[in-house]
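Worth knowing before you read on, the calculation uses all heavy atoms, side chains too, and leaves out hydrogens, waters and symmetry mates. Order of the sequence lines sets the chain letters (A, B, ...), proteins ahead of strands, with each chain counted from 1.
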Number of protein chains: 2
Amino acid sequence: MPLDCRISTGSTTPIYRQLIDQIRLVVLRGRLTPGDRLPSVRSLAQRLVINPNTVARAYGELARDGVIESQQGKGYFVATKRQVYTRAHRRRRLAPLLEALVSEAALLDFSADDVTAALQEKLREYGLEPS
Amino acid sequence: MPLDCRISTGSTTPIYRQLIDQIRLVVLRGRLTPGDRLPSVRSLAQRLVINPNTVARAYGELARDGVIESQQGKGYFVATKRQVYTRAHRRRRLAPLLEALVSEAALLDFSADDVTAALQEKLREYGLEPS
DNA sequence: ACAACTGTACTAAGCACACTAATACAGTAG
DNA sequence: CTACTGTATTAGTGTGCTTAGTACAGTTGT
């Protein structure tokens with residue numbers, strides 16, 4: 001069963017965003033491995049009863065981010081080689097998320113240890129290696 | 001000098017959001033302490049050359065979040081007692097931010113140690129206590 | 001009591017942008 | 001040639017942000 005996505009049209013988060021997030025997760029968690037083909041723009045659109053453009057947009061952004069790759073006339077495939085980012089670029093991209101997390105944590109009066117512990121748990125959930 | 005805010009109308013982030021973020025920071029960092037009065041809706045609007053409604057919206061949301069409190073006819077003041085949240089509520093509110101951070105970190109191929117180190121640094125920047 | 005300040009609430013309008021849809025164009029494979 | 005693939009352009013629709021105007025209610029000092 002290739003890529004079982006579920007989208008809710010009633011949600012406030014746009015459809016294309018839901019697709020991006022779900023596909024990202026599927027790839028990160030290894031349920032789709034490099035080289036695997038994704039459903040075609042039209043077939044996925046038909047299955048989810050949404051417009052092909054919406055799928056195309058999601059695929060397009062994922063391609064921009066290096067998660068998947070497109071081959072004209074063939075389809076979309078999970079990227080074989082991960083994008084190589086500079087250290088500066090990676091930090092710059094992570095910074096706002098880190099800022100948001102800590103800012104909210106401070107407002108909620110979390111202790112540093114609480115936040116650290118929660119992070120460790122989440123890191124384990126994603127299977128990130130220590131180093 | 002009470003609350004020097006700077007907003008950029010050219011930014012993609014809406015004005016009311018910029019206000020919220022800046023005031024949150026000012027309060028968190030102790031530049032305004034509990035009981036301190038904020039500029040009136042109209043005066044701040046005039047100073048920043050924006051509509052009073054926009055300021056009112058920012059203040060309103062900050063009040064909803066328990067950062068500041070309103071007193072009819074008197075003004076807005078930094079909240080004297082922080083909102084008390086249940087443990088479940090606090091975790092529920094932090095969860096999506098944590099999810100976003102770790103998900104992005106995984107995609108960027110950060111190691112767990114990298115993320116943890118970055119977090120520690122940010123926590124220190126915000127002056128959060130260990131426990 | 002009055003004036004001048006505070007917050008609060010509501011409606012309406014304009015504007016920009018995000019989202020989605022429809023359609024047409026271009027490459028690939030059998 | 002046909003039927004699939006991705007790609008690009010255009011257009012319609014909605015929604016969020018901001019502004020403006022108006023009105024009402026509470027507080028303070030004169």
Compare side-chain N and O positions of [X] against OP1 and OP2 of [N] and report whether any pair is under 4.0 Å apart.
| X | N | value |
| --- | --- | --- |
| A:Ser40 | D:dC4 | no |
| B:Thr54 | D:dT19 | yes |
| B:Lys74 | D:dT28 | yes |

**Prompt:** Of B:Leu38 and A:Pro52, whose nearest nucleotide on DNA chain C comes first from the 5' end?
**Reply:**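 On the 5' side of the pair lies B:Leu38.
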
**Item:** Pair B:Lys74 + B:Glu69, salt bridge at N-O below 4.0 Å
**Value:**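 A salt bridge is absent here (no side-chain N lies under 4.0 Å from a carboxylate O).
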
**A:Lys122/A:Glu125 ion pair, N-O < 4.0 Å** =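 A:Glu125 and A:Lys122: salt-bridged.
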
**Prompt:** Between B:Tyr126 and B:Arg29, is there a cation-pi geometry (under 6.0 Å to ring centre, at most 45° from the normal)?
**Reply:**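 Pair B:Arg29/B:Tyr126 counts as cation-pi.
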
**Asked** On the ring face of A:Tyr59, is A:Arg64 found with NZ or CZ under 6.0 Å from the centre and within 45° of the axis?
**Response**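 A:Arg64 over A:Tyr59 ring: no.
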
**Asked** Would A:Leu97 and A:Phe110 show up in the same hydrophobic cluster when neighbours are defined by side-chain heavy atoms closer than 4.5 Å?
**Response**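 As far as the 4.5 Å side-chain criterion goes, A:Phe110 and A:Leu97 are connected within one cluster.
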
Rounding to an integer number of Å, can you tell me how far [X] [atom1] sits from [N] [atom2]?
| X | N | atom1 | atom2 | answer |
| --- | --- | --- | --- | --- |
| A:Arg42 | D:dG6 | CZ | C1' | 7 Å |
| B:Arg57 | D:dG16 | CZ | P | 9 Å |
| B:Leu44 | C:dC5 | CG | C1' | 16 Å |
| A:Asn51 | D:dT7 | CG | P | 16 Å |
| A:Tyr16 | D:dG14 | OH | P | 19 Å |
| A:Ile20 | C:dC19 | CD1 | C1' | 12 Å |
| A:Ile50 | C:dA18 | CD1 | P | 19 Å |
| A:Asn53 | C:dC25 | CG | C1' | 13 Å |

**Prompt:** When you measure from the side chain of B:Pro14, which nucleotide among C:dT20, C:dC19, D:dT18 comes out closest?
**Reply:**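 Given the options C:dT20, C:dC19, D:dT18, the side chain of B:Pro14 is closest to D:dT18.
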
**Prompt:** Quick one: on DNA chain D, does B:Gln72 or B:Val49 contact a more 5' nucleotide (nearest heavy atom)?
**Reply:**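 Nearer the 5' end of the strand: B:Val49.
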
